[in-house]
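Have a look at the structure below, then the notes.
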Number of protein chains: 2
Amino acid sequence: MDGSPSDPGQAPGSVSELLDRLDGLGATLPKRLGQCADYLRHNIHLVAVSTVADLSAGAGVQPSAFMRFCQALGFSGFSEMQALFRAEYRELRPDYAERLSQLRERGEEGPEWLAASFAEAGHKSLVSLMNGLDGAKLDEACRLLAAAGTIHLVGLRRAFAIVSTMGYMLDKMQVPTVIHRTSGQIESDHAIRPGDALFAVSFTPFSQETLQLAARTAERDIPVVALSDTADCPLREAAKVLLIAREVDVGAFRVPTAAMTLATSLAVAVGGMRKDRLTIRSNGSKME
Amino acid sequence: MDGSPSDPGQAPGSVSELLDRLDGLGATLPKRLGQCADYLRHNIHLVAVSTVADLSAGAGVQPSAFMRFCQALGFSGFSEMQALFRAEYRELRPDYAERLSQLRERGEEGPEWLAASFAEAGHKSLVSLMNGLDGAKLDEACRLLAAAGTIHLVGLRRAFAIVSTMGYMLDKMQVPTVIHRTSGQIESDHAIRPGDALFAVSFTPFSQETLQLAARTAERDIPVVALSDTADCPLREAAKVLLIAREVDVGAFRVPTAAMTLATSLAVAVGGMRKDRLTIRSNGSKME
DNA sequence: CCGTTGATGGAATAGATATTCCAAATCGGG
DNA sequence: CCCGATTTGGAATATCTATTCCATCAACGG
């Protein structure tokens, strides 16, 4: 049955299985098939809605080469591979898009319509978050916070939800954390000591309290990591790293979906690095 | 050029334009084309990845009927219509899916990988939120809160981010709101007066403080609206309406994307209803 | 009840698209 | 430098999909 020796004979049953196999094949593929593999890895989302001609052109190869590539992956041909992507697409796909279109029939502005709109906005925010995300900056932010003694969090108004969540998660992971509420007193400053770090969150319009705390902390050479919704925010002066999460709005309102997602990722990553540090320090005996 | 009188001659330039036109055509369509319209409204997401045969079968009509339907919408044929959906799909589509697949190459567990995972989880949470959303319950929740004098919010730990955001938004919309922090005192109770309403948020594992405040408030016949991540949560006894928002997790962690989206929708809807109420009361003179 | 108009189903056709095939090119080893 | 094995490009073909056409059917007005 399976003539060629490297062919597993079985086609992948899901997209992630396919990606596994792609990784498995590694660099053993001939030049043109390698181009196909690269192109596929970077443009998975196109498979469901494109033709072999489109894809092969994108990869810079002949259709026949792309065909051979599909077969090298274990499929009978392109159609079988595409079926996989289409099936996955059908399942995961927003029923909410349908819902939105149904809701336009009976008047808008109701809570359900709002929910659908905010959900759609959330999808878009997440997409744009990932499109604009700078891996290096994120790594750096992570490193700074993981290296700190105590992590100080500040964020008011809309931003408070973010620091509240981060504070809760960091605390659960046993990372020393303080949430600052600048209720008039300036005493916050003294709690932030050399060796600590400050994570400041502020969206337009920025609260003076947050900006000032960040500025004073930076002046004392304590590292500040900032999260905002725009790159030209006053925090960029004080911050060693400025992360951006912009939300898609519905009317004048927005859900902090992207910011929340980014902040949570950061918290979990920092928690993970901290755990490693602890494990090493205590000589491997303390786990979990 | 355009022979038929009812044909606008111009094809829609986007999916939402298409839906507009669908609504415009309303019930003027003959039976079979009406079936197509219905099916399309409920299955928009299938168009990009299906054939005329699939869709017409789904709608229960002949391919030729579906063809006529596409033309009635102003397209030259099905292909032109499908192109629209495919284009929209290509644009909106998660680059983050690609990113995830690229990241599997160079080791996992880094912050960027986490962000991509949480983003994907967020997409799924939003989809499942909208799939499971009960419009009637949401309306009812909205009505109860809009009718209240002051809206009281309670939620601790993970839930605090939710009430914090709601409190901020309601306040911005000039809805009288109090966020309760049960810092030991029971005095919270006295602040909640007849005519008010309580919005209680609690996720597993539930905090006693929230549950108890909700229970005591319900006993006093003050309406309680609850938000949780599971239907069998202790709040269901006290609550007149229990809303559910379940999050997809990454490992042991989750971002409160769905809950945040639902809560924000509720807040905006309530704010809208309040404004109407105000406008009516003040005899239409106060607008903005 | 009949004739006209519009809608419908199904088969025929035109057009894409996937898939295969083979000659030419390339590569690697002796 | 040559020979065999592999890979490649492009054209030929098979398959599948969209699209049209027309005979039949239902609805409606006279």
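Reminder, nothing fancy here: chain letters follow the sequence lines and each chain counts from 1.
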Candidate nucleotides [options], ranked by approach to the side chain of [X] - the nearest:
{"X": "A:L33", "options": "D:dT20, C:dT19, D:dT8", "answer": "D:dT8"}
{"X": "B:Q62", "options": "C:dA18, C:dT20, C:dG9", "answer": "C:dG9"}
{"X": "B:K31", "options": "C:dT20, C:dT8, C:dT19", "answer": "C:dT8"}

Notebook entry, point to check: What do the steps show when you test A:T257 against A:L129 for side chain to side chain contact (heavy atoms under 4.5 Å, CB included), and what is the final call?
Noted result: CA-CA 10 Å; A:T257 304; A:L129 172 70; over 6 Å; no
Item checked: Verdict with supporting geometry, A:M81 and A:L40, side chain to side chain contact (heavy atoms under 4.5 Å, CB included) -> CA-CA 12 Å; A:M81 174 167 135; A:L40 183 63; 3.9 Å; yes
Next item on the list: May I ask you to say what A:S79 touches in the nucleic acid, namely base, sugar-phosphate or nothing, with a heavy-atom cut-off under 4.0 Å?
Entry: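 If one applies the 4.0 Å heavy-atom cut-off, A:S79 turns out to touch the sugar-phosphate alone, with no base involved.
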Notebook entry, point to check: A:T51 near the nucleic acid: base, sugar-phosphate alone, or nothing, with a heavy-atom cut-off under 4.0 Å?
Noted result: sugar-phosphate
Rounded to the nearest angstrom, tell me the gap between atom [atom1] in [X] and atom [atom2] in [N].
{"X": "B:F75", "N": "D:dA18", "atom1": "CZ", "atom2": "P", "answer": "15 Å"}
{"X": "A:M67", "N": "C:dC21", "atom1": "CE", "atom2": "P", "answer": "12 Å"}
{"X": "A:D54", "N": "C:dT17", "atom1": "CG", "atom2": "P", "answer": "8 Å"}
{"X": "B:F69", "N": "C:dT8", "atom1": "CZ", "atom2": "C1'", "answer": "16 Å"}
{"X": "B:L55", "N": "D:dT17", "atom1": "CG", "atom2": "P", "answer": "12 Å"}

Note to self: Applying ring pair (Phe, Tyr, Trp, His ring centres under 6.0 Å) as the test, list every pair that has at least one member in residues 47-69 of chain B; sequence neighbours left out.
What the structure shows: B:F66-B:F69
Note to self: Just verifying a value: how many Å separate A:H123 NE2 and B:L126 CG, rounded to the nearest 0.5 Å?
What the structure shows: 4.5 Å
Margin query: Within this structure, what is the CE-CD1 distance for the pair A:M260 and A:I162, rounded to the nearest 0.5 Å?
Written below: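 The distance works out to 5.0 Å.
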For nucleotides 4-6 of chain D, which of its nitrogen or oxygen atoms have a protein nitrogen or oxygen under 3.5 Å away, and what is each distance?
none

Notebook entry, point to check: Can a side chain N or O of A:R32 be found less than 4.0 Å away from OP1 or OP2 on D:dG9?
Noted result: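 It does, given that an N or O in the side chain of A:R32 lies less than 4.0 Å from OP1 or OP2 of D:dG9.
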Item checked: Side-chain N or O of A:Q82 closer than 4.0 Å to phosphate OP1/OP2 of C:dT17 ->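 Answer no for this pair, as no side-chain N or O of A:Q82 is under 4.0 Å from OP1 or OP2.
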Give the table of side-chain donor-acceptor pairs shorter than 3.5 Å for residues 248-255 of chain A, with sequence neighbours excluded, one pair per line with atom names and distance.
none

Note to self: Which is more 5' along DNA chain C, the nucleotide nearest B:P63 or the one nearest A:F78? Just name the residue.
What the structure shows: B:P63
Checklist line | Sidechain N-carboxylate O distance under 4.0 Å for B:E140, B:K137 | finding: no
